[in-house]
Novice: 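Encoded as structure tokens, here's the structure I'll be asking about.
Please read these numbers as outputs of a predicted model, since none were measured by experiment.
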Amino acid sequence: MEKTQLRRQLANIRQSLFDQGFLDEQFVQLEELQDDANPNFVEEIVTLYYRDSSRLILSIEQALQKSPLDFNKLDALMHQFKGSSSSIGAKKVKAECTQLREYCKAGSGEGCMRTFQQLKKEYTTLRKKLEAYFQLARQAGPIESACRPK
């Protein structure tokens, strides 16, 4: 596939990530920090996010297995996870974090469990989509500059 076609496909995938609500403005801000000196900046940041957040997810799972649930500890973990997710523009993941924190404040173990399952689903879906996006981006080569989603 030629570079122009790859770049067009890449732009369409990128736009769909915004259109489907997976990413927000923060992702564009990360892209704006990427330059010739560090052409893989966004991919590196996202890779660090997934590496660090996988440990956090494990801690959340462990906290959810405790009886009785320590809602304060769970809320603190979710606060950290929400901040990390916000930093890369993971809009749906961030929304699930917000919802789970609400269930922590309400003391709803069932709500926390149900929301955590949805959070993991959104997290995994975004990861797969971003992996495909970055793989195609490497094939397409460097692009001009970041632009706002439509």
Side-chain angles (χ1 to χ4, degrees), residues 1 6-66 69-105 109 111-150:
M1 200 182 288
L6 283 174
R7 287 195 179 116
R8 194 173 308 120
Q9 186 180 357
L10 187 63
N12 289 339
I13 291 171
R14 179 184 177 278
Q15 187 62 47
S16 75
L17 290 170
F18 287 95
D19 292 346
Q20 295 171 20
F22 286 104
L23 296 175
D24 65 20
E25 178 69 19
Q26 183 61 35
F27 189 81
V28 176
Q29 291 178 14
L30 284 178
E31 289 178 320
E32 289 171 347
L33 296 173
Q34 188 163 286
D35 58 19
D36 294 339
N38 197 350
N40 299 320
F41 177 76
V42 178
E43 183 176 5
E44 290 168 8
I45 294 297
V46 170
T47 299
L48 287 172
Y49 163 76
Y50 276 103
R51 189 192 69 206
D52 293 344
S53 61
S54 64
R55 287 188 224 125
L56 202 47
I57 283 180
L58 190 60
S59 296
I60 294 165
E61 284 175 335
Q62 290 169 346
L64 284 169
Q65 291 170 359
K66 298 265 195 283
L69 285 178
D70 182 345
F71 290 107
N72 290 328
K73 179 178 181 178
L74 190 55
D75 184 58
L77 290 167
M78 291 313 304
H79 177 73
Q80 186 179 350
F81 192 44
K82 180 181 175 187
S84 299
S85 300
S86 291
S87 73
I88 67 156
K91 187 176 180 179
K92 286 186 177 185
V93 174
K94 183 175 83 171
E96 294 300 329
C97 290
T98 300
Q99 183 63 55
L100 205 150
R101 291 191 73 200
E102 289 300 317
Y103 283 123
C104 284
K105 288 179 180 110
C112 287
M113 298 287 206
R114 190 176 54 248
T115 305
F116 184 63
Q117 294 310 312
Q118 183 63 31
L119 183 149
K120 286 197 305 184
K121 182 180 158 203
E122 296 296 350
Y123 173 86
T124 302
T125 300
L126 179 61
R127 183 178 200 156
K128 288 176 184 169
K129 288 180 178 286
L130 286 174
E131 284 172 353
Y133 173 78
F134 289 127
Q135 182 179 1
L136 189 62
R138 285 190 299 274
Q139 291 173 4
I143 52 175
E144 292 71 49
S145 60
C147 59
R148 305 261 179 239
K150 295 174 186 142

Novice: Can you name the nearest heavy-atom pair linking Ser87 to Leu30, along with the distance?
Specialist: O-CD1, 3.6 Å

Novice: Can you tell me if Lys73 has over 12 outside heavy atoms packed within less than 6.0 Å of its NZ?
Specialist: no

Novice: Can you see which heavy atom on Gly109 is nearest to which on Leu69, and at what distance?
Specialist: CA-CD1, 3.5 Å

Novice: Got a second to check how far Leu77's CG is from Gln62's CD, nearest 0.5 Å?
Specialist: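 Those atoms lie 9.5 Å apart.
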
Novice: May I ask you to decide whether Lys82 forms a salt bridge with Glu96, counting only side-chain N to carboxylate O separations under 4.0 Å?
Specialist: no

Novice: Quick check: closest heavy atoms across Phe71 and Cys112, and the distance to 0.1 Å?
Specialist: CE2-SG, 4.0 Å

Novice: I'd like to check Phe22 versus Leu130 (side-chain heavy atoms, cut-off strictly below 4.5 Å). Are they in contact?
Specialist: no

Novice: Are Leu119 and Phe81 packed together at the side-chain level, in the sense that at least one heavy-atom pair is separated by less than 4.5 angstrom?
Specialist: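 SC-SC contact between Leu119 and Phe81 confirmed.
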
Novice: Cut-off 3.5 Å, side chains only: do Asn40 and Glu44 have a donor facing an acceptor?
Specialist: no

Novice: Are any non-hydrogen side-chain atoms of Asp35 and Phe41 less than 4.5 angstrom apart?
Specialist: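 Sidechains of Phe41 and Asp35: no contact.
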
Novice: Rounded to the nearest 0.5 Å, how far does CZ of Arg14 lie from CG of Asp19?
Specialist: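 Answer for the CG-CZ pair, Asp19 versus Arg14, is 10.5 Å.
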
Novice: Strictly by salt bridge (Lys or Arg N to Asp or Glu O under 4.0 Å), give each pair with a member in residues 84-94 just once, sequence neighbours left out.
Specialist: Asp24-Lys94

Novice: Could you give the distance from CD (Glu43) to OG1 (Thr47), rounded to the nearest 0.5 Å?
Specialist: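 With rounding to 0.5 Å, CD (Glu43) is 5.0 Å from OG1 (Thr47).
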
Novice: I want to check something: taking the side chain as every heavy atom from C-beta on, are Leu23 and Leu126 in contact at a cut-off of under 4.5 Å?
Specialist: yes

Novice: Can you tell me how far the OG1 atom of Thr115 sits from the CZ atom of Arg101, to the nearest 0.5 Å?
Specialist: 13.5 Å

Novice: With the side chain counted from C-beta on, respond yes when Gln15 and Asn12 share a heavy-atom pair under 4.5 Å apart, and no when they do not.
Specialist: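 Of all side-chain heavy-atom pairs linking Asn12 with Gln15, none is under 4.5 Å.
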
Novice: List the steps and the verdict of side-chain hydrogen bond (donor to acceptor under 3.5 Å, both in side chains) for Glu122 and Gln118.
Specialist: CA-CA 6 Å; Glu122 296 296 350; Gln118 183 63 31; 2.9 Å; yes

Novice: Give the minimum heavy-atom separation between Asp75 and Lys105, together with the two atoms involved.
Specialist: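 Closest heavy-atom pair between Asp75 and Lys105: OD1-NZ, 4.4 Å.
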
Novice: For the residue pair Leu33 and Ile45, establish whether any side-chain heavy-atom pair is separated by less than 4.5 Å.
Specialist: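 Result no, sub-4.5 Å side-chain heavy-atom pair not found.
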
Novice: Which pair of heavy atoms, one from Ala37 and one from Pro39, lies closest together, and at what distance?
Specialist: C-CD, 3.7 Å

Novice: Counting only N and O atoms by type, is there a donor-acceptor contact under 3.5 Å from the side chain of Ser54 to the main-chain atoms of Arg51?
Specialist: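 Indeed, once roles are kept as given, a pair shorter than 3.5 Å links the two residues.
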
Novice: Passes side-chain contact (heavy atoms from CB on, under 4.5 Å), Lys129 versus Gln20? Steps please.
Specialist: CA-CA 11 Å; Lys129 288 180 178 286; Gln20 295 171 20; 3.6 Å; yes

Novice: How long is the span from the OG atom in Ser84 to the OH atom in Tyr50, to the nearest 0.5 Å?
Specialist: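 Output value for this atom pair is 11.5 Å.
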
Novice: When you look at Ile88 and Gln26, which way does the side-chain contact (heavy atoms from CB on, under 4.5 Å) test go after all the steps?
Specialist: CA-CA 6 Å; Ile88 67 156; Gln26 183 61 35; over 6 Å; no

Novice: For the CG atom of Leu100 and the CD1 atom of Ile60, what is their distance to the nearest 0.5 Å?
Specialist: 7.5 Å

Novice: Where do Val42 and Val46 land on the side-chain contact (heavy atoms from CB on, under 4.5 Å) test, with the steps shown first?
Specialist: CA-CA 6 Å; Val42 178; Val46 170; 4.3 Å; yes

Novice: Testing the 3.5 Å rule here: is there a donor-acceptor pair between the side chains of Tyr123 and Ser85?
Specialist: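 Checked: Tyr123/Ser85 side chains show no N/O donor-acceptor pair below 3.5 Å.
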
Novice: Test Arg114 against Tyr103 for side-chain contact (heavy atoms from CB on, under 4.5 Å), laying out the working first.
Specialist: CA-CA 10 Å; Arg114 190 176 54 248; Tyr103 283 123; 3.2 Å; yes

